[in-house]
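To start, the structure under review is shown below, and the notes come after it.
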Amino acid sequence: MATLEMPAVSECTVAGCSYNHDGCHAFAITVSGGDGSADCGTFIPLGTKGGLDKVVAQVGACSRTECSFNADLECSASSIRVGAGASGADTAACLTYTAR
């Protein structure tokens, strides 16, 4: 998958992430997690803002092989949304995750 084809992070509602200030400013995120959760592995809970000057976040890798959008560890969704997980225990989760 070429860089231009990587799915964009279209929305992030995680207030406590250093990369999220008026949108995700990470160049690329990693979707990880276990036990059925698809967590944003790039989440960093610091008070310091991080990332690039503009909002360009994309999905760089996905290790959730049971997700219907996972093709050879790459995300095939057109875009994803990141926010609090359904259980409330996941601070930053891929809300686009759909089990096969």
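No hydrogens, no waters, no symmetry mates; every other heavy atom, side chains included, goes into these values.
- Partners of Glu11 by side-chain hydrogen bond (donor to acceptor under 3.5 Å, both in side chains), not counting sequence neighbours, listed by chain and number: Arg81.
- Considering all non-hydrogen atoms of both residues, Cys62 and Asn70 come closest at O-ND2, 3.1 Å.
- Checked options Ile80, Thr96, Thr42; the residue passing with Val9 is Ile80 (criterion: side-chain contact (heavy atoms from CB on, under 4.5 Å)).
- Taking the side-chain hydrogen bond (donor to acceptor under 3.5 Å, both in side chains) definition, one finds that Tyr19 meets it with nothing, sequence neighbours left out.
- Summarising the geometry, atom CD belonging to Glu74 is positioned 15.0 Å from atom CZ belonging to Phe69; distances are rounded to the nearest 0.5 Å.
- In this structure, SG on Cys67 lies 11.5 Å from CG on Leu73, to the nearest 0.5 angstrom.
- Proximity of Val14 to Val82: side-chain heavy atoms (C-beta onward) are separated by under 4.5 Å at one or more points.
- Between the CZ atom in Arg100 and the CZ atom in Arg64 there is a gap of 11.5 Å [rounded to 0.5 Å].
- Here the CZ atom belonging to Phe43 is positioned 8.0 Å from the OG atom belonging to Ser18, to the nearest 0.5 angstrom.
- With rounding to the nearest 0.5 Å, the separation of CG in Asp39 from OG1 in Thr30 is 12.0 Å.
- Nearest heavy atom pair, residue Cys12 against residue Cys24, reads CB-CB, 4.4 Å.
- Here the CD1-CD distance, from Ile29 to Gln58, works out to 10.5 Å after rounding to the nearest 0.5 Å.
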